[in-house]
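Contents: one structure, followed by commentary.
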Amino acid sequence: MNLNKKMSKREFLTHMVTVTGTAVVAVQMLKSSAGAQEKRRGAKTDTPAKETDLPLVEPGKGTADALAYHHSHADADKDPKTDKKTDKGVAWDKRFCNNCSFYAKVGDKDGKPVGKCSLFPKVLVADQGICNSWAKKA
Ligand code: SF4
C-alpha cells in the first residue's frame, strides 16, 4: 500500500462518513452503558422497588366505587351500594379481602396488613377491606 498516495475526494468523504458513523455508535453505546449503571445503582424507575410501595386503593373512585370497595366493614356499612344480601356461602360480616379468592398478602403498609387484588392490579387493598366482588376461596 502506498502511504503517500493522495486520497481522492470520494475516498476522503467515505472515510469521514465511516469515522463519524463509528463515533455516533460509540456515543450511543456509552449512553446506554451509563443508563444501565444508573439502574444498577438504584436510580428511580416507574416500577416500585417493593409491592408495598404501591398506593392503597381509594374508596369512592373508579373501580373501587363501582365495586363498593372499602377499607373496613364499618365504612362499607355506610355505603348504600354495599351488597350484603347476595349469598356467597359465607356471611357478609365474615367476608374480608384476606379470605377472598382474589387476594394475596404482600406485607404491611403504615403498620397495617395489605395485599394485591387481581381486580385492582396497580394498587393495594386492605387486609380487612371488602367489596361486592368478594369470592369464597376454593
Ligand atoms: S375482590 Fe376480594 S380481594 Fe379484591 S377488593 Fe374485593 S373483597 Fe377485596
Side-chain angles (χ1 to χ4, degrees):
M1 186 173 171
N2 182 1
L3 296 176
N4 293 328
K5 179 183 161 195
K6 282 190 176 179
M7 225 183 239
S8 71
K9 198 174 187 176
R10 172 177 271 186
E11 287 172 327
F12 176 76
L13 288 173
T14 304
H15 179 72
M16 290 310 293
V17 166
T18 304
V19 169
T20 306
T22 304
V24 168
V25 169
V27 167
Q28 288 302 323
M29 287 173 72
L30 284 171
K31 281 183 181 176
S32 157
S33 173
Q37 283 178 356
E38 274 183 39
K39 277 186 184 171
R40 281 194 295 273
R41 282 190 299 241
K44 284 221 170 224
T45 63
D46 291 342
T47 310
K50 306 179 289 191
E51 284 184 312
T52 51
D53 289 341
L54 288 168
L56 206 55
V57 64
E58 290 186 53
K61 290 191 174 178
T63 306
D65 184 47
L67 300 180
Y69 170 86
H70 292 281
H71 295 316
S72 69
H73 277 233
D75 291 339
D77 263 336
K78 298 172 198 159
D79 185 346
K81 292 191 296 294
T82 296
D83 175 16
K84 299 180 181 180
K85 293 183 180 155
T86 302
D87 183 5
K88 296 187 175 189
V90 172
W92 185 82
D93 61 347
K94 303 277 189 242
R95 299 179 207 158
F96 298 94
C97 288
N98 68 14
N99 61 10
C100 172
S101 65
F102 296 112
Y103 182 81
K105 185 176 178 181
V106 297
D108 288 349
K109 186 175 186 71
D110 302 327
K112 293 184 178 167
V114 291
K116 298 267 319 218
C117 167
S118 42
L119 304 186
F120 296 96
K122 294 183 179 174
V123 291
L124 298 170
V125 296
D127 185 87
Q128 294 295 300
I130 182 67
C131 87
N132 288 345
S133 291
W134 182 93
K136 189 177 177 181
K137 284 188 179 179

Considering all heavy atoms, the nearest Glu58-Ala64 contact: O-CB, 3.4 Å
Validation row: Asp108, Pro113 side chains within 4.5 angstrom (heavy atoms): yes
Val123/Leu54 under side-chain contact (heavy atoms from CB on, under 4.5 Å): CA gap, chis, key distance, verdict: CA-CA 6 Å; Val123 291; Leu54 288 168; 5.8 Å; no
Co-membership, hydrophobic cluster, residues Tyr103 and Val57, 4.5 Å side-chain: yes
side-chain contact (heavy atoms from CB on, under 4.5 Å) between Leu67 and Phe120, worked out: CA-CA 11 Å; Leu67 300 180; Phe120 296 96; 3.9 Å; yes
Test item: Asp127 and Phe96 side chains (from C-beta on) under 4.5 Å apart, heavy atoms: no
CA sep, side-chain torsions, deciding dist, call: Val125, Lys116, side-chain contact (heavy atoms from CB on, under 4.5 Å): CA-CA 6 Å; Val125 296; Lys116 298 267 319 218; over 6 Å; no
Neighbour count above 12 (heavy atom, 6.0 Å) for Lys136 NZ: no
Backbone N/O of Ile130 and side chain of Arg95: donor-acceptor pair under 3.5 Å: no
Short side-chain to backbone donor-acceptor contact, His73 and Gln128, under 3.5 Å: no
Criterion side-chain contact (heavy atoms from CB on, under 4.5 Å) on Lys109 and Asp53, from CA distance to verdict: CA-CA 8 Å; Lys109 186 175 186 71; Asp53 289 341; 5.6 Å; no
Exercise: identify the closest heavy-atom pair between Cys97 and Ala126: CB-O, 3.2 Å
Which atom of Pro80 lies closest to which atom of Lys78, heavy atoms considered: CD-O, 3.5 Å
Donor-acceptor contact below 3.5 Å, side chain Lys88 vs main chain Asn132: yes
Charged N-O contact under 4.0 Å between Asp93 and Lys84: no
Main-chain N/O of Gly129 paired to Tyr69 side chain as donor or acceptor, under 3.5 Å: no
Atom NZ of Lys94 with >12 non-hydrogen neighbours under 6.0 angstrom: no
Non-hydrogen atoms of Pro59 and His71 that approach each other most closely: CD-NE2, 3.4 Å
Steps toward side chain to side chain donor-acceptor pair (under 3.5 Å) verdict (Trp92, Asp83): CA-CA 9 Å; Trp92 185 82; Asp83 175 16; over 6 Å; no
